[in-house]
Amino acid sequence: MLYDRLDEARARTVAALRTEHARRTGTRQALVEREAAADEHVRRLAQLTGSERALCFGRIDAPESLYIGRIGLRSTEGDVVLVDWRAPAARPFYAATPSDPGPVVRRRHLRLRDRVVVGLDDEVFDLSQMTETDRHSLVGEAALLASLRRGRTGRMGDVVATIQTEQDRVIRSGLPGVLVVQGGPGTGKTVAALHRAAYLLYTHRATLERRGVLVVGPNPTFLRYIGQVLPSLGETDVVLSSVGSLFPGVPASAVDEPEVAILKGSLRMVAVLAEAVRDRQRVAAAEITVDVRTSVRDGVEVSVEQMTLRLGHDECLRARDRARAFRAPHNVQRRAFVRGALRALALDEARQFDRTPDDEELGFAAARLWGEEPVRSALDALWPLLTPKRLVSELLSSADAAGLSASESRMLVRPIDAPWTISDVPLLDEAAELLDEEDTEAAVLERAEEREREAAELYAQGVLEFTGLGDVLDAETLALRHRDEGPAVTTAERAAADRRWAYGHVIVDEAQELSAMAWRMVMRRIPTRSLTIVGDLAQTGSPAGARSWDEMLDTYVQGRWREERLTVNYRTPLEIMEVAADVLHAVAPSQHAPESVRSGESAPRAVPLGDLQALVKAELAAIGEGRLAIICPDARHAALTALYPLEADLLDSPVAVLTVVQSKGLEFDTVLVVAPDEILAQSPKGGHDLYVAITRATRRLTVLHERELPEMLNRLSI
């Protein structure tokens with residue numbers, strides 16, 4: 001019946017869309033109305049199509065029955081036949097517990113394959129309120145544990161059907177403020193955060209649809225892993241990005257050495273970058289030389305049309321100080337400096353001609369001088385037009401960066417054309433704030449386009465007010481749709497390309513990995529401070545990462561954040577988690593591992609590193625349809641990757657070779673951890689890395705060693 005309603009709704013939407021496309025339009029207003037209506041039909045069609053798989057996954061008897069699903073549907077008479085999982089009416093499906101069932105008598109989980117029900121699981125909270133017939137119809141086992149027994153597919157599935165009570169608290173927590181979700185391995189914190197994004201977009205559509213939601217993950221592989229969750233829940237106004245991709249046009253993936261990452265991630269780099277900018281705002285000095293002019297110690301001389309014009313040291317100083325007084329970014333201040341310097345050169349020219357010019361004549365003379373290449377070169381040498389890439393590249397190729405010791409400067413030195421690292425991206429973002437690219441040629445064109453956009457939006461706003469369509473479409477989107485000849489640009493696409501974009505909400509996963517500079521970059525994108533921060537301090541692998549949430553957050557929201565803790569591990573078998581808990585206790589005694597809810601099929605073991613290929617073959621045979629990961633020290637990654645090149649995309653390959661950093665947030669049926677002693681030794685956070693590696697397994701764990709096992713692994717069977 002529900003799939004019939006879905007088909008009917010889809011058919012009606014397709015018909016309505018065709019009708020709109022066929023409707024003739026004689027005026028611009030009529031065209032706008034047609035486009036607005038068509039936009040809504042397209043959005044609804046995408047939602048209906050995305051809900052095909054497992055349309056309905058639950059029912060509650062409270063005592064009247066309600067079916068819970070991905071979207072809401074009504075009968076032909078207008079009655080609700082399927083409740084959207086995000087709606088308040090669906091809350092009891094997730095919130096009911098044996099100790100506090102509320103009005104729920106029975107909760108039923110449905111498992112579908114295509115359009116066929118293949119399993120039922122019942123949980124009864126009040127047997128006395130059930131009829132005899134209903135009592136005899138009780139079936140199934142706990143839906144959550146059933147889902148955990150399925151093999152990994154290489155992509156994260158949504159857990160909308162198996163959300164647990166503590167996860168539901170996270171999902172439905174209020175939009176304002178900062179929510180920290182602290183949870184160990186396997187507690188479902190990532191999927192809870194993604195479902196929270198879908199819930200917030202559903203509940204606060206008017207607030208978030210225009211600004212979108214940003215999800216920051218630890219690496220591109222992880223983002224591909226979770227990439228299908230939100231579209232399957234009907235949400236597309238979401239930008240997925242790693243820290244290395246948050247600066248448009250610089251997709252960084254390289255990783256710095258630990259001591260370099262610590263230095264680059266420190267807030268000390270704010271002052272270092274600021275001083276680097278000030279150092280490039282020069283007054284005339286002998287060491288500044290450009291081919292087309294001569295510098296002298298107390299001023300600058302420029303040859304123009306067989307005349308030598310002089311810009312004195314004091315005049316340079318006055319122009320610089322006036323420009324700095326604007327308290328604006330470097331490239332904006334540059335305009336004031338150039339105006340002052342050109343005026344001084346124009347006055348010198350007039351003196352040489354023995355004239356006393358008025359302000360208008362000085363203006364014309366300054367404009368003419370700016371057209372001379374020697375003048376532009378001289379002023380560019382004094383106050384250059386900088387880009388973030390140029391500034392950071394020069395800083396990282398210099399052995400004497402201001403604000404750093406000689407040894408620290410040498411630590412940062414690298415070739416000027418070296419590839420960008422993940423730790424460089426927050427530096428680029430900071431540089432962009434200090435510089436502003438407003439004075440570039442591209443920015444001039446952008447300002448003209450902005451004026452055109454503002455005019456179009458003003459007109460669109462009037463149309464929306466006249467037509468009454470303001471509740472379904474905003475002026476910005478309408479103006480963009482009408483103006484562009486190409487495909488419509490989504491909120492997510494516009495946001496991802498705009499460094500200054502202010503999001504409606506930001507979710508940071510594996511947040512413990514972010515450095516202080518990375519947090520500074522993220523916070524620029526959410527001025528309202530509406531964030532969901534997901535992580536586990538016990539899994540901090542980055543040497544520049546968090547030691548406490550207070551340390552990272554109090555700079556921005558002093559004490560004004562709330563925490564939810566996820567304490568139950570649904571993914572990792574008890575036997576494997578006991579090994580992981582020993583590791584955690586050894587490296588972070590104050591941290592506590594989550595409690596597993598299930599036992600595994602075999603005890604985790606340690607074996608000498610010998611015939612790896614034979615072991616991989618045996619493990620694949622043991623798990624049947626599933627995936628295997630070899631997690632190794634960084635130094636062994638290249639050799640093992642050559643031994644096991646990917647048969648497909650990393651997420652689809654039956655065998656994946658990963659470093660610990662690459663494995664963050666992922667899960668596999670069986671995991672082979674290679675050389676645990678080397679993982680421990682490769683980083684100051686080596687113990688935390690080993691904890692992460694061990695907890696990627698959902699079924700089987702084998703530790704391969706060449707040397708004596710670390711004592712913290714003595715629980716492994718040998």
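Only heavy atoms go into these numbers, but all of them, side chains included; no hydrogens, no water, no symmetry mates. The shown structure was predicted, so the numbers you read here are calculated from the model rather than taken from an experiment.
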Please examine the side chains of [Y] and [X], heavy atoms only from C-beta on, and report whether any two atoms are closer than 4.5 Å.
X    : Y    : result
T540 : K685 : yes
E619 : T702 : yes
L713 : V579 : yes

Do [X] and [Y] have side-chain N/O donor and acceptor atoms under 3.5 Å apart?
X    : Y    : value
E513 : S542 : no
R196 : T532 : yes
R571 : T698 : no
S530 : T528 : no
E595 : N569 : no

Neighbour count above 12 (heavy atom, 6.0 Å) for R562 CZ: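 Yes, the 6.0 Å shell around CZ holds more than 12 heavy atoms from other groups.
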Crowding at NE2, H585 (>12 non-hydrogen neighbours, <6.0 Å):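 Open: at most 12 neighbouring heavy atoms sit under 6.0 Å from NE2 of H585.
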Check residues 250-262 and write down every donor-acceptor pair under 3.5 Å in which the side-chain atom is one partner and the other belongs to a residue at least two apart or another chain.
| residue | atom | partner | partner atom | Å |
| --- | --- | --- | --- | --- |
| D256 | OD1 | K264 | NZ | 3.4 |
| D256 | OD2 | K264 | NZ | 3.1 |
| D256 | OD2 | T421 | OG1 | 2.7 |

Is it true that [X] and [Y] make a salt bridge, defined as a side-chain N closer than 4.0 Å to a carboxylate O?
X    : Y    : answer
D429 : R525 : yes
E678 : R707 : yes
D669 : R700 : no
E564 : K189 : no
R627 : E667 : no
K664 : D536 : no

Minimum heavy-atom separation for [X] to [Y], with atom names?
X    : Y    : value
L666 : R696 : O-NH1, 3.1 Å
L427 : V392 : O-CG2, 3.8 Å
I507 : A197 : CD1-CB, 3.6 Å
L246 : L214 : CD2-CD2, 4.0 Å
M552 : A516 : CE-N, 4.0 Å

Mutual orientation of the aromatic rings belonging to W85 and H195 [parallel < 30°, tilted 30-60°, perpendicular > 60°]: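 Perpendicular, since the angle between the ring planes exceeds 60°.
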Identified side-chain contact (heavy atoms from CB on, under 4.5 Å) counterpart of Q182 within the set L537, T187, V534: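 Result for side-chain contact (heavy atoms from CB on, under 4.5 Å) with Q182: L537.
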Over-ring placement of R211 relative to W501, 6.0 Å and 45° cut-offs: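 Yes, cation above the ring, under 6.0 Å and within 45°.
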Check: F93 ring centre within less than 6.0 Å of H109 ring centre: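 Aromatic pair counts; centres sit under 6.0 Å.
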Point-to-point distance, once rounded to the nearest 0.5 Å, from [atom1] of [X] to [atom2] of [Y]:
X    : Y    : atom1 : atom2 : value
I679 : C632 : CD1   : SG    : 7.5 Å
I694 : I576 : CD1   : CD1   : 9.5 Å
L615 : D611 : CG    : CG    : 8.5 Å

